[in-house]
Amino acid sequence: MNTTTLLYGVPSGCSFGSIVALEWLGLPYRLTRIAMPQEVISDDYRRLNPVAETPTLITAGGETISESMAILNHLGAHGVGTGLAFAQGTPDFDRLNQMLAFLNTTFFNAFSPLWHALEHGSEGAEQRVLTDYGRGKVERAHAVLERLLGDRPWLLGEQRTLADAYFIGIARWTRYHDVADRRDYPNLQRLFEKLETDPAVIFAHAIEAERPAVSAGGFLGHVSLQDVLEPFRTAA
């Protein structure tokens, strides 16, 4: 194992942001497609990620990292000096880490009741309760993020960072859940529209949809889960 490999979830996993981050950073990497929910809960995948969630990153050294925030911070360490990420211990790193934490714990989590209702086939009163609860959480998260963004071009200011990569992977979930109209949050809508025209975002959409995709970064192709597992079987 000498190449970074990202195992990403489809459809529409939050791992989308890690694909965008890899493209922006220009790092050499491979991708492994993981179907949700069936493949992500398989025994094979659990060998790499016992939590049975995507994404999972396998480093060039063969170490596994899970959780988007941890993966983005790991990748960011390779991009210090690019403006996409910053050295730990600096005020800019703290600002980026704080934004990533908000996106992970508040923005991402706001959609959890809605995903539960969709994926578990909730009906009747249960569905109404989950939808109403999720709607309130999503609207509050959008309102807070709208204020945090303000009239700045990017989440942290004048230059894009890995926080913007993570944002776009989550913000698109309103396409599945009709609980908030992003046009009610003009700052977020502006950022969303700008990111949707970014080549790395276009590439990540094409990868998820299995359409022809042109990488502007270091994408080296797809590798199967079985091939990814082989070194771990050998080590065992």
Side-chain angles (χ1 to χ4, degrees), residues 1-23 27-75 103-104 107-122 130 134 165-177 200-213 215 217-236:
M1 184 76 63
N2 55 13
T3 303
T4 296
T5 302
L6 177 72
L7 289 81
Y8 68 100
V10 291
S12 296
C14 67
S15 43
F16 187 95
S18 295
I19 299 176
V20 174
L22 284 162
E23 283 288 297
L27 303 174
Y29 71 98
R30 305 180 303 177
L31 291 173
T32 297
R33 188 179 183 89
I34 302 296
M36 301 186 294
Q38 59 272 34
E39 197 170 18
V40 79
I41 60 174
S42 68
D43 290 341
D44 280 346
Y45 185 74
R46 287 181 188 271
R47 294 185 65 176
L48 301 174
N49 188 333
V51 179
E53 295 177 349
T54 58
T56 297
L57 187 80
I58 304 177
T59 70
E63 300 296 323
T64 60
I65 304 173
S66 59
E67 306 296 337
S68 288
M69 187 172 171
I71 289 170
L72 290 169
N73 273 319
H74 171 82
L75 294 176
L103 292 172
N104 183 244
F107 198 56
F108 176 106
N109 186 57
F111 289 91
S112 296
L114 303 169
W115 283 120
H116 182 89
L118 181 66
E119 294 171 356
H120 296 276
S122 301
L130 287 170
Y166 191 39
F167 162 79
I168 191 62
I170 302 169
R172 64 198 178 126
W173 288 348
T174 55
R175 295 171 178 168
Y176 289 88
H177 311 291
V201 175
I202 293 170
F203 169 81
H205 279 305
I207 285 291
E208 283 195 339
E210 296 185 285
R211 299 192 305 264
S215 171
F219 177 54
L220 301 176
H222 274 85
V223 59
S224 72
L225 176 59
Q226 295 308 312
D227 286 344
V228 168
L229 284 168
E230 190 58 36
F232 294 89
R233 293 194 183 98
T234 302

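- Shown here are the salt bridge (Lys or Arg N to Asp or Glu O under 4.0 Å) partners of E208, two or more places apart in sequence or in another chain: R172.
- Residues S15 and P55 approach most closely at CB-CB, 3.4 Å, considering heavy atoms.
- Remark: T56 engages Y45, N49 in a side-chain hydrogen bond (donor to acceptor under 3.5 Å, both in side chains) (not counting sequence neighbours).
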Inset, instruction - Take L229 and D44 through the side-chain contact (heavy atoms from CB on, under 4.5 Å) test and state the conclusion after the steps. - result: CA-CA 8 Å; L229 284 168; D44 280 346; 3.6 Å; yes
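- In this view, H205 and E196 satisfy the side-chain hydrogen bond (donor to acceptor under 3.5 Å, both in side chains) rule, not counting sequence neighbours.
- Side-chain atoms of E67 and E53, non-hydrogen and from C-beta on, do get closer than 4.5 Å to each other.
- Residues W173 and G13 share a closest heavy-atom pair of CZ2-C, 4.4 Å.
- In this structure, the separation between CD1 on I202 and CD on E23 is 11.5 Å, given to the nearest 0.5 Å.
- R211 meets the salt bridge (Lys or Arg N to Asp or Glu O under 4.0 Å) test with no other residue; sequence neighbours excluded.
- Considering CG of L103 and OG of S68, their distance stands at 10.5 Å, rounded to 0.5 Å.
- Ring geometry, Y176 versus W115: the interplanar angle falls from 30° to 60°, so the pair is classed tilted.
- Nearest approach of V40 to P37, heavy atoms of both residues: CG1-O, 3.3 Å.
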Inset, instruction - Evaluate the criterion side-chain contact (heavy atoms from CB on, under 4.5 Å) for residue pair L7 and T54; output intermediate values, then yes/no. - result: CA-CA 7 Å; L7 289 81; T54 58; 5.6 Å; no
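- Note on ring orientation: taking the six-membered ring where Trp is involved, the planes of Y29 and F219 are tilted (angle from 30° to 60°).
- Smallest separation of non-hydrogen atoms from I41 and R46: O-NE, 3.2 Å.
- Judged as a side-chain contact (heavy atoms from CB on, under 4.5 Å), and not counting sequence neighbours, the contacts of I65 are L57, T59, A70, I71, H74.
- The heavy-atom pair separating I34 from E39 by the smallest distance is CA-OE1, 3.6 Å.
- A tilted orientation is assigned to the rings of H177 and F111, their planes being inclined by 30° to 60°.
- Taking the side chain as every heavy atom from C-beta outward, L6 and L22 approach each other to under 4.5 Å.
- Contact annotation: the side chain of T32 never approaches that of D227 to less than 4.5 Å [non-hydrogen atoms, C-beta and beyond].
- Side-chain contact check for I207 versus H222: some heavy-atom pair is nearer than 4.5 Å.
- Checked against salt bridge (Lys or Arg N to Asp or Glu O under 4.0 Å), E63 has no partners two or more places apart in sequence or in another chain.
- The two atoms that bring V10 and Y8 nearest to each other are CG1-CE1, 3.6 Å, heavy atoms only.
- Side-chain contact between L72 and S18 is present, with heavy atoms from C-beta onward closer than 4.5 Å.
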